[in-house]
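Everything below concerns the one structure shown next.
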2 protein chains.
Amino acid sequence: MEKPAKGEQTRALIVDTALRLFREHGYDRTTMRAIAKEAGVSVGNAYYYFPSKEHLVQGFYDQMAEAHRQASAALFDADADFTSRLTAVLLVWLDISAPYHEFAVQFFKNAIDPNSPLSPFSTESGTARETAISIHRRLLEGVKVDPKLREELPELLWLFQMGVVLYWVHDKSEGQRNTRTLITRSTPLIGKLLAMSRVPGLRSVTREAVQLFRDIGLSRLG
Amino acid sequence: MEKPAKGEQTRALIVDTALRLFREHGYDRTTMRAIAKEAGVSVGNAYYYFPSKEHLVQGFYDQMAEAHRQASAALFDADADFTSRLTAVLLVWLDISAPYHEFAVQFFKNAIDPNSPLSPFSTESGTARETAISIHRRLLEGVKVDPKLREELPELLWLFQMGVVLYWVHDKSEGQRNTRTLITRSTPLIGKLLAMSRVPGLRSVTREAVQLFRDIGLSRLG
DNA sequence: ATCGCCTCTTGAACATGTTCAAAAACTGGG
DNA sequence: CCCAGTTTTTGAACATGTTCAAGAGGCGAT
């Protein structure tokens, strides 16, 4: 009962086939029957390993998060300022995700469903989420900011990133150039606000916002 | 070909029955067959009037928006300040929506789908959206604010409201008290930021944000 | 009244995610 | 090698949103 490599092999075969078909034909147009047939197994077999069609996408999440982490790591060598770093991280994400835009739109509705395992807040998405947040933690190294804010900032930035994703999914402009605009022009604003977050007048507002963020558990909704 | 009252009657019968069953048993557990049977028509007949099950919920949207408009109108008599007004408007929305929380969660995934007619940005949701935005326009009457910002503010507030809805749908706390907290404590922050939006330092940030908001058409995504 | 046309209605058929009881394949102990 | 138990596999059956060809009903013109 330890590691029947057989099972793992079938599992991998199924998820790999599924992800390939998703990429080739989109999420909705890929039926469970097609996946099973292409993988050379029965439909029931797929359901033996994955509770639902949605669960097959979880692997995709993890792959993307890992790809983003690796691509981002290369950006932190230069000692650029916060705004440049954040911009770079988000643009890299955009480049990585661009090929999957149509695909993403199709299963996005499942991802935003609070009860779905695909929700970015769900426990199933835990590892992908942690990976994403850790990117922002690294991004913040060496950045001067109100310490009260610093602790929550990685999660707040991740939340902002989720907002960008939300916009991206709705973005119908050619090549999602509007999302690119959103990123390149919103990050300087965030940078300025961050810089101002320490001056009196704004500081109290900032701290109240951070406290609210903690109290309502915005970071652990699922 | 003017007004065959017959058709309108059947249409109303179907949508009324559907909304009742949705309320009683939830969206997912209410099948098209059940709706048809309860209304005393055939399944195909329901599809003659409504292109999909989702379209049946549109009536629910409009009802809610109208109820919110009426309830909000009563709040604007007293010459309260901006923060109080915004808080009141959002809390009233929360009270109106509370009974439908479970129901709303079930079809929320469809509502957030960019391709769904239920998306708050879709043309089909146009009237409900206009109603909601007009509430915020009324709310802003007499409030002093940077004129550059004033024009976009109703839509920005509506967008904020959509954010609250997004949180509300994910809110699993007893009676959605976390959403209540979010509203009562975030609105003062918005009020303060609005007040500060005219002082130098923040004004430039504000204007850039407004310009960005216009350029990427955040208000007309669908 | 009859015909032509449009609106409305029907229910069987279809597509697809999911379930499940049964069978097959495998594994370790004797 | 054989048996009992576990893991894996199968495919038919089910549930439900959706489609569609066929028919029913009504209405004005002739």
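Hydrogens, waters and symmetry mates are skipped; everything else that's a heavy atom, side chains included, is used. Numbered from 1 within each chain, the chains take letters A, B, ... in sequence-line order.
- Atom-to-atom, CZ of A:Arg33 to C1' of D:dC14 comes out at 11 Å; the value is rounded to the nearest Å.
- A straight line from CG of A:Leu56 to C1' of C:dG17 spans 12 Å, rounded to a whole angstrom.
- In summary, A:Arg129 and A:Asp62 do not engage in a salt bridge, as defined by a charged side-chain N under 4.0 Å from a carboxylate O.
- Aromatic rings of A:Tyr100 and A:Phe60 (six-membered ring for Trp) have centroids within the 6.0 Å cut-off, being under it.
- Rounding to whole angstrom units, CD1 of residue B:Ile14 and P of C:dC8 are separated by 11 Å.
- Position along DNA chain C of the nearest nucleotide to A:Asn45 versus A:Thr31 favours A:Thr31 as the more 5'-ward residue.
- Checking B:Gly40 against A:Ser52, the closest nucleotide of DNA chain C that is more toward the 5' end is the one next to B:Gly40.
- Taking atom CZ of A:Arg11 as the reference point, atom C1' of D:dT9 lies 15 Å away to the nearest angstrom.
- The side-chain tip of B:Lys53 does not point at the ring of B:Tyr47 from less than 6.0 angstrom away and within 45° of straight on.
- A:Phe121 and A:Trp158 have their aromatic ring centers within a separation under 6.0 angstrom.
- The distance between atom OH of B:Tyr47 and atom C1' of D:dC20, rounded to the nearest whole Å, is 13 Å.
- Atom OH of B:Tyr48 is separated from atom P of D:dG17 by 22 Å (rounded to the nearest Å).
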